[in-house]
Structure formats: structure tokens, C-alpha cells
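Naming: A, B, ... by sequence-line order, numbering from 1 per chain.
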Number of protein chains: 2
Amino acid sequence: MQFGERIKELRESKELLQRQLAASLEIDTPMYSKLERGERRAKREQVLLLADLLDADVHDLLTIWLADQVYDLVKDEEDAQKALRVAEERVTYKTQKKR
Amino acid sequence: MQFGERIKELRESKELLQRQLAASLEIDTPMYSKLERGERRAKREQVLLLADLLDADVHDLLTIWLADQVYDLVKDEEDAQKALRVAEERVTYKTQKKR
DNA sequence: TTAAATTGGCCAAATATTGACAAGTCATAA
DNA sequence: TTATGACTTGTCAATATTTGGCCAATTTAA
């Protein structure tokens, strides 16, 4: 499930129109449409707003929003899986470290 | 181990100077120095060249080069780990699929 | 101290991203 | 059929980011 599909699903379940969400995000409807279709990427700030407007869990939305970007970055690489594991280890290490 | 550290290590083990590799990559020495320090990101094409020049395994270099980018993308996000796992699943799925 | 190697800072050129707009499709209603 | 509303598509200019070169500063080795 990608970010765009997810917000579309949420929007429809709340019976909202694209133009309503677009207005709340202060972008035009075509732009909002592109967010749902994954043609354009939402800004982080817009993700937060959308979570609020759609009564969705912010972390869930941020997670797939981020995952979209990560996937985009690695999708054409043969070494994608290895790279993701390396990155994951670094994140784990960083998290364990006390700061 | 990050990409920059790795190529520095390889370069030193072959007793090459930054300016020699810089010349091969057709960039200036300061720029090459930045690649080693991770201040600038190498282009994919430069990674391939470096693997060749340093007798290193292309996939190893590409892996850490990619991992650097992924890490950069997620490092400040609380949901980084979850996002990486989601992205990994997608890659796995994509790989399994016959095309 | 000198020379070579490396690093840091800054700027302009190239590239990519962004959002707005106009025009399009599609479905449904009158 | 025509009209209307929802959504999509394509294009453009403005903006932001990335890139590499240059110069100067710093570090290292002798």
C-alpha cells in the first residue's frame, strides 16, 4: 500500500472530495490528485496535516510516506536489499546509542 | 562503514593520491576530497569507475553508496525502521515477481 | 620551514522540484 | 443532447537543490 492509495482510501471512507482536502492543504485540486496517484510527493508537513484531517495515525502515514521515498531511491538497483539492510543496521545502531 | 571511508581505505591501500583518482574521475581534487569525507555524494557512474580503479567489488561499493543515501533519507525520522522494513518488503515482492 | 596533500568556503551553472493553470476525460443528471 | 461536477493530464515558469570549479586555508611529511 502506497501513500497515495492510502490517503485516497481514507478520503473516500470519510466521503470527502479532493477539492476539500486540497483547500485544507492550500494546494489546487490537480496537485492533490497527483498526491493520491503518487505522481507528486507530499511534503512532510502535508502528511501531518492529512493525518489530522483524515483522523489517521500520523506514524502510519509517515511510515508509508517515507517507505515510498526509500523504495523510489532503491527500486532500480540490483543491490537494493543489501543496501536497505545496511541502512537498517545503521539506524538500529543510532537508536541504541545514548545521546 | 560509509562510502567515503571505504574508498579512502582502498585508495590508501593502493597508495594512490587523491589527485590521481580525481583526474581519473575528471573532477578536481577538492571535489574528490569531498567524496571521501561524505560532504558530496558520488554519482553512480563515478562509483562504477572507482570500483574499477580501486579493484573493488562493484556491488560492495554500490551497496554502501546506496545505503548512505537511504540512511540520509531516513535518519531524522522516528519511523525510519518501520519505513525501511516496508520498503524492504516491497523490494522483496518486486524481486519475486516474474517479469 | 617548505612542498605536497588535503580540506573548507563560496559562487555560478546545471538539474530537479514545485505549484499553478488550462484543457482534457469520465460519469451522471437534466 | 447538453450541462455539471469530480477528477486527471500536460505544460510552464518559479524556486530550490545539486554540482563542480576555483581559491584560500590548513594539515602533514620531510
Undergrad: Taking side-chain contact (heavy atoms from CB on, under 4.5 Å) as the definition, give me every residue that meets it alongside A:A83, ordered by chain and number, with sequence neighbours left out.
TA: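 Testing A:A83 for side-chain contact (heavy atoms from CB on, under 4.5 Å), a comparison that skips the adjacent residues, returns B:T63, B:L66, B:A67.
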Undergrad: Rounded to whole angstroms, how far apart are CG on A:L35 and P on C:dT17?
TA: 15 Å
Undergrad: Which residues pass the side-chain contact (heavy atoms from CB on, under 4.5 Å) test with B:E5, sequence neighbours left out?
TA: B:M1, B:Q2
Undergrad: Can you list everything that forms a side chain to side chain donor-acceptor pair (under 3.5 Å) with B:E39? Sequence neighbours excluded, please.
TA: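 Partners of B:E39 by the side chain to side chain donor-acceptor pair (under 3.5 Å) criterion, ordered by chain and then number, come out as B:R37.
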Undergrad: Which nucleotide of DNA chain D is the first, and which the last, in the 5' to 3' direction, to come under 4.0 Å of a heavy atom belonging to chain B?
TA: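 Taking any atom under 4.0 Å from a heavy atom of chain B, the span is D:dT19 to D:dC23.
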Undergrad: Could you check how far CZ of A:R41 sits from P of C:dT18, rounded to whole Å?
TA: 7 Å
Undergrad: Please list all pairs passing the salt bridge (charged side-chain N to carboxylate O under 4.0 Å, His left out) test where one or both residues lie in residues 44-56 of chain B, with sequence neighbours left out.
TA: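 Applying salt bridge (charged side-chain N to carboxylate O under 4.0 Å, His left out) to every pair that reaches into residues 44-56 of chain B, excluding sequence neighbours, yields A:E77-B:R44, B:K14-B:D55.
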Undergrad: For each nucleotide in nucleotides 20-30 of chain C, reading 5' to 3', give B when a protein heavy atom comes within less than 4.0 Å of its base, S when such contact involves only the sugar-phosphate, and - otherwise.
TA: BBB--------
Undergrad: Of all residues at least two apart in sequence or in a different chain, which pass the side-chain contact (heavy atoms from CB on, under 4.5 Å) check with B:D57?
TA: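 Once residues adjacent in sequence are excluded, the partners of B:D57 under the side-chain contact (heavy atoms from CB on, under 4.5 Å) criterion are B:H59, B:D60.
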Undergrad: Which pairs pass salt bridge (charged side-chain N to carboxylate O under 4.0 Å, His left out) with one or both residues in residues 63-73 of chain A, sequence neighbours excluded?
TA: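 Of all non-adjacent pairs touching residues 63-73 of chain A, those that pass salt bridge (charged side-chain N to carboxylate O under 4.0 Å, His left out) are A:R41-A:D72, A:D68-B:R90, A:D72-A:K75.
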Undergrad: Distance-only check: which donor-acceptor pairs under 3.5 Å involve side-chain atoms of residues 23-30 of chain B, not counting sequence neighbours?
TA:
from	atom 1	to	atom 2	distance (Å)
B:S24	OG	B:Q20	O	3.2
B:D28	OD1	B:M31	N	3.0

Undergrad: Would you indicate whether the side-chain heavy atoms of A:Y32 and A:L17 approach each other to under 4.5 Å?
TA: no
Undergrad: Return the set of residues passing salt bridge (charged side-chain N to carboxylate O under 4.0 Å, His left out) with B:R19 (not counting sequence neighbours), or none when no residue passes.
TA: none
Undergrad: Can you list, by residue number, the residues of residues 6-21 of chain A that have a non-hydrogen atom closer than 4.0 angstrom to DNA chain C?
TA: none
Undergrad: Residues in side-chain contact (heavy atoms from CB on, under 4.5 Å) with B:K8, at least two apart?
TA: B:R11, B:E12, B:E36
